[in-house]
Protein chains: 2
Amino acid sequence: MRPLFHPAIEDVRPEAILHALADPSRAAIFAKIMRAGCVEACSAVSAVGDRVIPKSSLSNHFKVLREAGLIRSERHGVEVRNHSRWTEVEARFPGLLAGIINAYASDIDSDVRAAKTAASQ
Amino acid sequence: MRPLFHPAIEDVRPEAILHALADPSRAAIFAKIMRAGCVEACSAVSAVGDRVIPKSSLSNHFKVLREAGLIRSERHGVEVRNHSRWTEVEARFPGLLAGIINAYASDIDSDVRAAKTAASQ
DNA sequence: CCCATAGTTCGGAACTTCGGAACTAATGGA
DNA sequence: TCCATTAGTTCCGAAGTTCCGAACTATGGG
């Protein structure tokens, strides 16, 4: 199997980070990996809120986060272990990730709104 | 002609802002409006770097920025005057815009790379 | 060797973006 | 008034992207 590609920190582009985190599911996955320090297995994040994410979509979300330079993934046997690259990204783009993560965190009403909408469908 | 729609600040969503600014052309347009305080006429931003943007694409870029809550546009006769909503957005999502704009500003090598000629700035 | 588990790849349907051409709206001049 | 000009919007087809089920691959255990 193809080894996992990670850009060098100097090749990380702001637009890739914004694109990756412009998707609320991916932002939630990234926030979770950050809070946990490390997530063992992609499938440890099999749902975001009350919404289940299909395996193939999840795989793609991790790929987008990885190629944007936000996470580092290593195969350990049958599973993949994911770490955030916060420290490196923070050094390159100070304040960027904090601003984004805080924005999502403070947007509480909308989370509630989204959860209610999803629940009523 | 249909009046221009602007979301109330409390309806502004982080993902819309990230999506709007994940496009380097739009980020450059927004940065220019911010620096200038106000841009008179969309067509005052007819090119980004060495790349000319077609009228219809420009019109769409302004619409995306407007609907994300980043700018406020008013018709003045035949032209549209655009202001950034920095203060409002900053109050709602502190540090978000500064982080993004600084990230693009510090990513100078890549602008040069993308522009290829980059004789002026 | 077979099975289960964890992830990736494939491929088609649905959606989004891009940009040229045609359009509308306001203004200024004859 | 009528016409030209300027500024921006809308329409629509082509090209590109995203989503997700199904088929696939890789690893480890029994």
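By convention in this document, chain letters (A, B, ...) are assigned in the order of the sequence lines, proteins followed by strands, and residues within each chain are numbered from 1.
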Out of D:dG21, D:dA7, C:dC18, whichever nucleotide has its closest atom nearest the side chain of A:Pro54:
D:dG21
Ignoring hydrogens and angles, tell me if any N or O in the side chain of B:Arg92 forms a donor-acceptor pair with the backbone of B:Ile9 under 3.5 Å.
yes
Please report the distance, rounded to the nearest Å, between CG in A:Asp23 and C1' in D:dC20.
14 Å
From NE2 of A:His61 across to P of D:dT17 the rounded distance in Å is 17 Å
Would you indicate, yes or no, if D:dT18 has its OP1 or OP2 atom less than 4.0 angstrom from a side-chain nitrogen or oxygen of A:His19?
yes
Looking for any heavy atom pair under 4.0 Å, which part of the strands does B:Arg51 touch: base, sugar-phosphate only, or nothing?
sugar-phosphate
Using atom CD1 of B:Ile53 as one end and atom C1' of D:dG8 as the other, report the distance to the nearest whole Å.
15 Å
Provide, to the nearest angstrom, the distance between the CZ atom belonging to B:Phe62 and the P atom belonging to D:dG8.
8 Å
Among D:dC20, C:dG19, C:dC18, the one nearest any side-chain atom of A:Ser56 is D:dC20
I need the CZ-P distance between A:Arg81 and C:dT5, as an integer number of Å.
19 Å
Would you indicate, yes or no, if C:dT8 has its OP1 or OP2 atom less than 4.0 angstrom from a side-chain nitrogen or oxygen of A:Ser59?
yes
Using a 4.5 Å cut-off on heavy atoms from C-beta on, say whether the side chain of A:Ser73 contacts that of A:Ile71.
yes
In this structure, how many angstroms lie between the P atom of C:dT27 and the CZ atom of B:Arg75, rounded?
12 Å
With side chains defined as the heavy atoms from C-beta onward, is the minimum distance between A:Asn82 and A:Ile29 less than 4.5 Å?
no
Take the protein atom NZ of A:Lys63 and the nucleotide atom C1' of D:dT17, then report the distance between them rounded to whole Å.
12 Å
Evaluation steps, side chain to side chain donor-acceptor pair (under 3.5 Å), between A:His61 and A:Arg26
CA-CA 6 Å; A:His61 285 328; A:Arg26 276 194 300 258; 3.3 Å; yes
If you assign each of B:Asn82 and A:Gly77 to its closest nucleotide in DNA chain D, which residue comes earlier from the 5' end?
B:Asn82
Do A:Phe30 and A:Asp23 have side chains that approach each other closer than 4.5 Å (heavy atoms only, starting at C-beta)?
no
Between P of D:dA15 and CG of B:Asn60, the distance in whole Å:
19 Å
